[in-house]
Amino acid sequence: MPLEIAVPSTQALLSWWENEGRRDPAQKPWMFKADGLWPEPDDALDPYGVLVAEVMLQQTQLQVVLPYWTRWMERFPQLDALAEADEQDVLLCWQGLGYYSRARRLNAAAGMLVAMGASGADPSGWPRALDSWLALPGIGRSTAGGILSSAFNTPLAILDGNVRRVLARLQAHPTPPMRAQAQFWLWSEALIAAAPGRARDCNQALMDLGATLCTPRNPSCGICPWSDHCAAYAAGTSEAYPVTDAPRSLPFSVIGVGVVLNQAGEVLIDQRLNEGLLGGLWEFPGGKQEPEEVITDTIARELREELAIEVAVDQELITVDHAYSHKKLRFIVHLCRWVSGEPQPLASQQVLWVKPEELGKYPFPAANARIIEALHGHFKELAAT
Ligand code: SF4
């Protein structure tokens, strides 16, 4: 006997979305045909633009993604261009979006898609099976469902943060959604099954409902098409869902960073190993402050251990606080003068002396971008004195 899944009317959702959804080509250009119209059920969209958007949207909001997507499509207009691209160019184009492993995996996935026969803007050679997409790096079930339903109107469900929040409230689900994934997938699939031929529209409508009405705070339940079917709203507890685990306090560390200049006025940067957080990006060298250690000693020690150089640590340039999802860091950055030793990449892929005005050619994490800004400000002050 088929499992009975209680979901509200998709018709009510779709009627709301047709009038109030984010159906503006300026907001989601990848969701529109070349003639600027929303696709009919039998139309296919350019899967490449959809793929790039879906990967960017994995951890980032639509308004933030849009300018990045536009720039990306100018730099790598088709799949082949991305597949052939140098990883450094890809990281540079992604710079500022965070979670950089997404860019490296997208680069790798493009190569695999080309090998599968996908190319150009012609959707016909692209894979249509869920398993083919799940075999690509960085593509999970929700991203694959989003790509296939958006590009080809394939009847596949999605389960991103917006959808999880809407479903958790509709059902007043008593545990965090990530601990009841199978149940949430069943609900999302039931909604797609209840809207034959309209998977693309249904997924977009769900995401739009979560992003515009069923927001994390102050949801607009009074104008929601599902307010009559929403258990959380009926109980007057919409904001209590999704239930979350008690917040963990994030570990905090201080990082001493050296902006090392040589006599030619060049600055020393190193490229992080590909594995781990911010892999493949460039940074100013440094490392964690030990207990009781003075920060200038931290910097001198780290540069000795990681680059085999001796430096004179001068004045502080800037302090930058940065929070990642799992830790908080304070970067205390000092200007340093190179004294001796040929820099060696003992804990990185490579080290380079570069002219300060050329730093923009290298992809840096967000915290380092502020250091670069401070460095340029320092040179400007020097020039003015
Ligand atoms: S009624 Fe409120 S809580 Fe329920 S789905 Fe609509 S916006 Fe979300």
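All ligand and atom numbering here is 1-based and tracks the order in the structure.
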Do any heavy atoms of Ser227 fall under 4.0 Å from ligand 1?
yes
Under 4.0 Å from any heavy atom of Ser238, which atoms of ligand 1 are there?
3 (S)
Check for me, please, whether Met207 and Phe184 land in the same ILVMFWY cluster - side-chain distances under 4.5 Å, paths through other members count.
yes
Given the ring of Tyr241, does Arg165 sit roughly above its face, with NZ or CZ under 6.0 Å from the centre of the six-membered ring and within 45° of the axis?
no
Do any of the N/O/S atoms of Cys214, backbone or side chain, fall under 2.8 Å from atom 8 (Fe) of ligand 1?
yes
Below 4.0 angstrom from a heavy atom of Cys221, which ligand 1 atoms are there? Numbered from 1 as shown, please.
1 (S), 2 (Fe), 3 (S), 7 (S)
Give me the residue, atom name and distance of the protein heavy atom closest to atom 4 (Fe) of ligand 1.
Cys230 SG, 2.4 Å
What heavy-atom pair brings Glu87 and Asn274 nearest, and what distance separates the two atoms?
OE2-OD1, 3.5 Å
Can you sort out which atoms of ligand 1 are near Arg169, meaning under 4.0 Å from one of its heavy atoms?
3 (S)
Taking only non-hydrogen atoms of Cys224 and a 4.0 Å limit, the atoms of ligand 1 in range are 1 (S), 5 (S), 6 (Fe), 7 (S)
Kindly say whether the aromatic ring centers of Tyr68 and Trp94 come within a distance under 6.0 Å.
no
Over-ring placement of Arg272 relative to Trp282, 6.0 Å and 45° cut-offs:
no
Aromatic centroids of Trp38 and Trp17 separated by under 6.0 Å:
yes
